[in-house]
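Worth saying up front: this structure is predicted, and the values here are computed from it rather than measured. Below, read A as the first sequence line, B as the second, and so on, with proteins coming before strands; counting in each chain starts at 1.
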Protein chains: 2
Amino acid sequence: MPVTIRDVARASGVHISTVSRTFSAPHLVNPETRVRVLACAEDLGYRPNRAARALITGRTHNIGLIIADIANPFFPPLIKAAESQARHRDYHVFVADTNEDAAAEEELVHALAKQVDGVLLCSPRMSNSLIEQLSREVPLVVVNRQLAGLPCVLMDVGQGARSAIEHLAGLGHREMALLGGPRGSWTSRELRRAASAAARAAGAELTVLGPNPPTETGGLAQAEQVRRAGVTAVLAYNDLMAIGLLEGLDALGVRVPQEVSVVGVDDISLSRLTRPKLTTVATPTAAAGRTAVDMLLQQDTDFPRTARGGGATVAVGVRRTTAQVMLQTELVIRDSTAPGPYAGRERPGTAAAGPGPHRRADPGNPVVAAGDVVAS
Amino acid sequence: MPVTIRDVARASGVHISTVSRTFSAPHLVNPETRVRVLACAEDLGYRPNRAARALITGRTHNIGLIIADIANPFFPPLIKAAESQARHRDYHVFVADTNEDAAAEEELVHALAKQVDGVLLCSPRMSNSLIEQLSREVPLVVVNRQLAGLPCVLMDVGQGARSAIEHLAGLGHREMALLGGPRGSWTSRELRRAASAAARAAGAELTVLGPNPPTETGGLAQAEQVRRAGVTAVLAYNDLMAIGLLEGLDALGVRVPQEVSVVGVDDISLSRLTRPKLTTVATPTAAAGRTAVDMLLQQDTDFPRTARGGGATVAVGVRRTTAQVMLQTELVIRDSTAPGPYAGRERPGTAAAGPGPHRRADPGNPVVAAGDVVAS
DNA sequence: GATCTCTCTGCAAACCTTTGCACTGAAGTA
DNA sequence: TACTTCAGTGCAAAGGTTTGCAGAGAGATC
């Protein structure tokens, strides 16, 4: 019942190879023939069978997208952007959810490997060495994890943490807390490193609370600790946790931002809707999705996995690009931060004023803010 | 480089067909041989090539999921549940985002048709007749749209609207407004129909405002209208709009729920985080995803598209099940609704008390709450 | 008129797997 | 012993497409 290249060939009176070429190498076929073939194809409603095509070319024109938790509002914009970008390039995308489970991640990479030209690993939970190993089975691009020898797209949460801490210090906060993220998260480590350094530089003290699950509940559960720590400002691993903390502090009768300032990370759409509206470090999620897809596809065209002729299969060396892209983040100041106890007083070694409130600029199209390209 | 059935055959000293059978029909091969083959396969890291398998069996073991807007928080739980259920049954899922664009929907169904065993159409924007027509190209299950002759999974928003209106009437509201959804949405029509009837029955008056885009902005933009209409209670098409309305009313200095009560629909996770927390009609999104996948796969096993032998292709008749499943909704009462001006007074023809506040029960596993199965 | 060049088209193999059919040999039956 | 039955295996075709190679003309050049 499905109409094949063969039907089109019969209808237009040419050989199937000519029909094939009409679609995959139009310049090789006589314009007249071409229009005839195209007309017949249109008529019959012919659509090339990608499975068959994949069988011989070795390229499926599919990519896989492995996500820790689709329900986490951080991911949908990334998925959306990645899917859109992929489709733009005539690729379709498999989306798989691992429920934050490392074993599921591995299983999915295996399962998808034969069906895709590459896989995007978003905020993976598995070990570096396993990722390394899997990358020999299928081209991988890793998002939110730095891995020598593999293409990565990272968001500069370090810079974000610095901005946040400086903002808080500028407001006159000296006692701060960091709500850490899940164990083994690259982002969490990065955040902690940068926040500690920035706090030290600003003459502030930073208490680290965690690790915590990266959810609303995780934040809520730390409200008591935050109060007990006696800090006046908190930077949370992500907005979800910050929002949970907002809830928790409210329940304890602690007013935000009057008594405690709270800063999140991610700028999920929700953070504009809390009360008070959340000050947060915006991560370019959509840009990350687009960029990751671009890198995957680029890698794929540069170093195709196999090049097949009429039959001979030529294995290709393992050379590949391992560009690492760092995307900029930006502090978005809203209503959950306010002057602290030391407001107005001169801080040691710094001008008093913090950075002026900058509104967020939309990162727009595929933005590579700080491109650190390392060829291997 | 990739290891095929052929390599396994060579390694284990049997014919490729035996290897094939060890995987696809194990009972046909001698246990001894089987373990040997499996061992070799394991050793070599063999993974069946699904594209090749699809080519001959006609089943790809993939399904497509077409979504109006992944970034709309209504969808991620549905996607997550669908993906999980599909994978449970050894299917992978393509996810595609149409940006609320009907043309994109059609294009995607076409593009995916050859690559999947069926497609889930979620809250489609295209016309009934087009859906009808596309369903001849690839098995379809439609979510949130009722379509004679096609399998659908619906959420009983009518019942939800009734509950909401009765709840509001019970609280003593008589002047209410409905914020309508986008034009052409089945859910929106259903909501309007049921809400009007329920209001009439309760002796209340219902003003319909809209149609509106199903977003926060859409709700925000109607705040002024709501105030002008002089109503004391509002039912919104979805939570996003309700939240936008909350914002808008706040900006106008109208207090919720003291002056105006607001009810949403969907119970997205956000609605627990607004202030006041949103009273809303919970829709069983995850259950819908699971059920839709089940129906698609069921249909596919009942009436496979083609049954191929060693070569003969047998076209199968167009018979198919067209079960329509209606899933129950539930009113979740939180803090955005409060007694209205007629509280305590006897309403004509009804007992004064509204339905008691029932907390939401988690729908748990594949739940078909009210299964209205119509075989065609 | 012979030779060469060039464009277009056809031929056939190959991609990897499944599956109807046929074959083998051993066990069971008469 | 001669026959059937049956489990296990091999053979080969098929699925839809791509692509290196070769051939057929047409036109150009000498």
Side-chain angles (χ1 to χ4, degrees), chain A residues 1-10 12-37 41 44-61 113-115 117 304-315, chain B residues 1-10 12-37 41 44 46-61 113-115 304-315:
Chain A
M1 200 61 189
V3 32
T4 80
I5 213 176
R6 201 156 248 110
D7 302 314
V8 179
R10 199 174 311 121
S12 49
V14 297
H15 194 262
I16 56 162
S17 54
T18 303
V19 179
S20 172
R21 276 188 275 254
T22 316
F23 290 99
S24 51
H27 60 280
L28 289 182
V29 15
N30 186 322
E32 267 176 62
T33 324
R34 186 164 47 200
V35 301
R36 190 155 37 98
V37 170
L44 277 60
Y46 167 75
R47 302 261 166 180
N49 181 327
R50 293 172 90 123
R53 183 178 283 181
L55 195 53
I56 184 151
T57 62
R59 352 226 26 254
T60 61
H61 267 246
K114 279 280 188 16
Q115 238 180 151
D117 297 337
R305 286 212 271 169
T306 55
R308 284 207 192 70
T313 297
V314 182
Chain B
M1 201 61 191
V3 31
T4 81
I5 213 176
R6 199 156 249 109
D7 303 314
V8 179
R10 199 173 314 121
S12 48
V14 297
H15 194 261
I16 57 162
S17 53
T18 302
V19 178
S20 172
R21 276 188 275 255
T22 14
F23 289 99
S24 52
H27 61 279
L28 288 182
V29 16
N30 186 322
E32 264 176 63
T33 325
R34 188 164 47 198
V35 302
R36 190 155 37 98
V37 170
L44 277 60
Y46 168 75
R47 301 261 165 180
N49 180 328
R50 294 172 89 122
R53 182 179 286 181
L55 195 52
I56 184 152
T57 62
R59 353 229 23 256
T60 62
H61 267 244
K114 280 278 190 15
Q115 239 179 151
R305 286 212 271 168
T306 54
R308 285 206 191 71
T313 298
V314 183

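Taking every side-chain heavy atom of A/Pro31 into account, C/dC8 is the closest of C/dC8, C/dT19, D/dT18. Each of D/dG16, D/dT18, C/dT17 was ranked by its minimum atom distance to the side chain of B/Ile56; first place goes to C/dT17. Across C/dC16, D/dT17, C/dG10, the shortest atom-to-atom separation from the side chain of A/His15 is found for C/dG10. Nearest nucleotide to the side chain of B/Ser17, out of D/dC11, C/dT17, D/dT18: D/dC11. The side chain of B/Arg21 lies closest to C/dG20, out of C/dT9, D/dG16, C/dG20. Side-chain proximity of B/Arg6 to the nucleotides C/dT17, D/dG15, C/dT9 is greatest for C/dT17.
Distances shown here put a side-chain N or O of B/Thr33 below 4.0 Å from the OP1 or OP2 atom of D/dT9. An OP1 or OP2 oxygen of C/dC15 is reached within less than 4.0 angstrom by no side-chain nitrogen or oxygen of A/Thr57.
Position along DNA chain C of the nearest nucleotide to B/Arg47 versus A/Leu28 favours A/Leu28 as the more 5'-ward residue. Residue order along DNA chain D, read from the 5' end via each residue's closest nucleotide, puts B/Arg34 first among B/Ala51 and B/Arg34.
Note on B/Ser20: a base of the nucleic acid sits closer than 4.0 angstrom, heavy atoms only. Nucleic acid contact for A/Val14: sugar-phosphate only, since backbone atoms but no base atoms lie under 4.0 Å from a heavy atom of the residue. Looking at heavy-atom distances under 4.0 Å, A/Phe23 makes no contact with the nucleic acid at all.
The separation between A/Arg50 atom CZ and C/dC15 atom C1' is 18 Å, rounded to whole Å. In this entry the distance linking CD1 of A/Ile5 with P of C/dC11 reads 14 Å, nearest Å. Remark: P of D/dG16 and CG of B/Leu55 are 7 Å apart, rounded to the nearest angstrom. Atom C1' of nucleotide C/dT19 and atom CD1 of B/Ile16 are separated by 11 Å, given to the nearest angstrom. Distance B/His27 NE2 to D/dT9 P: 13 Å, rounded to the nearest Å. Between the C1' atom of C/dG25 and the CG atom of B/Asn30 lies a distance of 13 Å, rounded to the nearest Å. Rounding to whole angstrom units, NE2 of residue B/His61 and C1' of C/dT18 are separated by 13 Å. Straight-line distance from the CZ atom of A/Arg59 to the P atom of D/dT17: 18 Å, rounded to whole Å.
Checking A/Asp7, A/Val8, A/Val14 one by one against A/Arg10, the side chain to side chain contact (heavy atoms under 4.5 Å, CB included) holds for a single residue, A/Asp7.
Looking at heavy atoms from C-beta onward, B/Gln115 lies out of side-chain contact with B/Thr60 at the 4.5 angstrom threshold.
With hydrogens and angles disregarded, no donor-acceptor distance shorter than 3.5 Å links the side chain of B/Arg21 to the backbone of B/Val29. Using modelled atom types, no side-chain atom of B/Ser20 and backbone atom of B/Ile16 make a donor-acceptor pair closer than 3.5 Å.
Between B/Pro26 and B/Arg34, the closest heavy-atom pair is O-NH1, 2.8 Å. Minimum heavy-atom separation, A/Ala9 to A/His15: CB-C, 4.0 Å.
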